[in-house]
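Shown next, in structure tokens, is the structure this report addresses.
In this chain, residues are counted from 1 in sequence order. Numbering of ligands and ligand atoms starts at 1, following listing order. No hydrogens, no waters, no symmetry mates; every other heavy atom, side chains included, goes into these values.
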Amino acid sequence: MGPSALEEKVVAAVPTQLHIGGRWVDAEGGATFDVLDPATGDVLCAVADATPSDGMKALDAAVAAQSSFAAVPPQRRADILTRAFELLHERIDDLALLMTLEMGKPLADSRGEIAYAAEFLRHFAGEATRISGGYQTAPAGGARFLIARQPVGPSLLITPWNFPMAMGTRKIGPAIAAGCTSVIKPAHQTPLSMLALVEILHEAGVPDGVVNIVPTTAPGPVMEPLIRSGKARKLSFTGSTQVGRILLEQCAEKVLRTSMELGGNAPLIVFEDADLDEAVAGAMAAKMRNMGEACTAANRIYVHESLIDEFGRRMAERMAGLVVGHGTEDGVDVGPLIDDAAQDKVSELVADAVSRGARVLTGGERPDGAGFFYPPTVLTGVGADARMAHGEIFGPVAPLTPFASEDEVVAAANATEYGLVSYVFTNDLRRALRVAETLESGMVGLNQGVVSNPAAPFGGVKESGLGREGGSVGIDEFLETKYVGIALAH
Ligand code: NAP
């Protein structure tokens, strides 16, 4: 079955060119690339494919707009963000359909992401008017310190495909609030949601040159010259640790400010005193949000040995009950993975765990046919030697591992180079706080399977990243602190 008239209309309404200096323009040479529907593998539309020269034009536009945008009153910047928040909600139905078509997640999840994305704009509208500094007397008296906050300057924003809009607003919101101009490079699989967002920002009153976007199939050749140019002052990246490392090296040359939201390998621990219903519901949320394609996805589920059989039975029942299909269809809970490479990777990880002794409780078979689907899967008895214990699964696969003691499970949870988020289920207050303090991660979910909230500081430690997005500190990533020493004596 081909696309519906509504689907065609929604895709046709999205701008497919680059946005540079306030104008929609073709890529140099007119090159384009195809955006696919992962549920069918069919082409949705073609988008302009930016060249390195287009990238530099976008950065030049951001540089040219920087000083005038920094002078725009904070209330005006807040008003632009608030208007964009309203427009996202007014158009949520079309935007959700667009996101489902390019990324695959079910419509209800896409609506959830757009509401979440909009919330960053509302949150940072508030922060824009609360940027403040200080004035103090030097400890020895006499002199005074004036402490001011200023925008960092032109910023490069690189985002992944798994949350095609929210990973954008989590950066664009604080950038606009702080008075920074930007060049955005969305993931090549999902440029449409971000192109639609840029159009909305423009409509909401973002001045020309303040937000520029350059989708491309050549991310390295396009972005590296911008990073090394000395014209940009900041790189904010969300994506894999592997690419983050390369970008950090590139940023070292001109000493750019960096924010790195990288990969995760989240442990989820269910202690023997947990409420089992709550723990199963929490594990379902932590595993299946975004079909497992989330940096926050529970990647290793440790269940106390006294509970693991019952936990496995209940989780397998819930996972088996989920409906897999095209995200645009009613009643579908789980859409396709992003592409065939993701489908291959998930299948290989499951085969590897099974070859090392894991048992399949449900799922585990890659389906034939069109689209990049993989069924919700529960494995039990997954050992520490399984490949999935050491890297992101990024799919709907829940690996269960038994444990006997608190010390043993905390050591296992921390035995990874990642440190984004951990989840703990227990009714023992002392244990909850003790374990939350000891886990090496930037965030901990206590008796809850979702931690993402625009008003909370999101980010990781170890190789999961640098800096925080959201919360009251999210805007700090786009502000410099300036200190003015003042001699009062004549
Ligand atoms: P990815 O391969 O690292 O790509 C992320 C972005 O970087 C894409 O826009 C990609 O462009 C671009 N990119 C790739 N190579 C580049 C280079 N050499 N120079 C400049 N840009 C480059 O990650 P992904 O597969 O899209 O996303 C999944 C990853 O993101 C997972 O590891 C996940 O954990 C992580 N993630 C982290 C967070 C967080 O907040 N910590 C949130 C969401 C996702 P192309 O698409 O064109 O390759």
Quiz item: Taking the minimum heavy-atom distance to atom 37 (C) of ligand 1, which of Leu262, Ile184, Leu420, Leu235 ranks first?
Solution: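 The nearest heavy atom belongs to Leu262.
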Exercise. Pick whichever of Lys185, Glu224, His188, Glu261 has a heavy atom sitting closest to atom 10 (C) of ligand 1.
Key: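 Nearest option to atom 10 (C) of ligand 1, by heavy atoms: Lys185.
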Quiz item: Which value, rounded to the nearest 0.5 Å, describes the distance between Leu226 atom CG and Lys57 atom NZ?
Solution: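 Reported value, rounded in 0.5 Å steps: 12.5 Å.
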Quiz item: Which protein heavy atom lies closest to atom 42 (C) of ligand 1, and at what distance to 0.1 Å?
Solution: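 Checked against all protein heavy atoms, atom 42 (C) of ligand 1 sits closest to Cys295 SG, 3.0 Å.
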Taking atom types as modelled and ignoring hydrogens, do the side chains of [X] and [Y] form a donor-acceptor contact shorter than 3.5 angstrom?
X	Y	value
Thr190	Glu102	no
Ser347	Asp344	no
Asn162	Asn290	no
Asp49	Thr32	no

Ligand 1 atoms in contact with [X] (distance to a heavy atom under 4.0 Å):
X	value
Asn162	43 (C), 44 (C)
Pro186	9 (O)
Gly263	32 (O), 34 (O)
Met167	42 (C), 43 (C)
Leu247	19 (N), 20 (C)
Phe458	39 (C), 40 (O)
Gly220	17 (C), 18 (N), 19 (N)
Thr238	5 (C), 36 (N), 37 (C), 38 (C), 39 (C), 40 (O), 42 (C), 43 (C), 44 (C)

Side chain or backbone of [X] under 4.0 Å from ligand 1, or both, or neither, by non-hydrogen atoms?
X	answer
Phe163	neither
Arg170	side chain
Gln189	side chain
Val243	side chain
Thr159	backbone

Exercise. Step through the shown structure and confirm whether more than 12 heavy atoms of other residues, nucleotides or ligands are within 6.0 Å of CD on Glu417.
Key: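 Atom CD in Glu417 is packed in, count exceeds 12.
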Exercise. Quickly, which of Arg130, Arg149, Lys234, Arg257 forms a salt bridge (charged side-chain N to carboxylate O under 4.0 Å, His left out) with Asp476? Name it, please.
Key: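 Option passing the salt bridge (charged side-chain N to carboxylate O under 4.0 Å, His left out) with Asp476: Arg149.
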Quiz item: So Trp24 and His19, would you call those rings parallel, tilted or perpendicular, with 30° and 60° as cut-offs?
Solution: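 Aromatic pair Trp24/His19 classed tilted.
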Exercise. Have a look at Ser110 and tell me which of Thr100, Asp93, Thr328 forms a side chain to side chain donor-acceptor pair (under 3.5 Å) with it.
Key: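 Among Thr100, Asp93, Thr328, the one that satisfies the side chain to side chain donor-acceptor pair (under 3.5 Å) with Ser110 is Thr100.
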Self-check item: salt bridge (charged side-chain N to carboxylate O under 4.0 Å, His left out) partners for Asp60, two or more places apart
Solution: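 With sequence neighbours excluded, Asp60 shows a salt bridge (charged side-chain N to carboxylate O under 4.0 Å, His left out) to Lys231, given in chain and number order.
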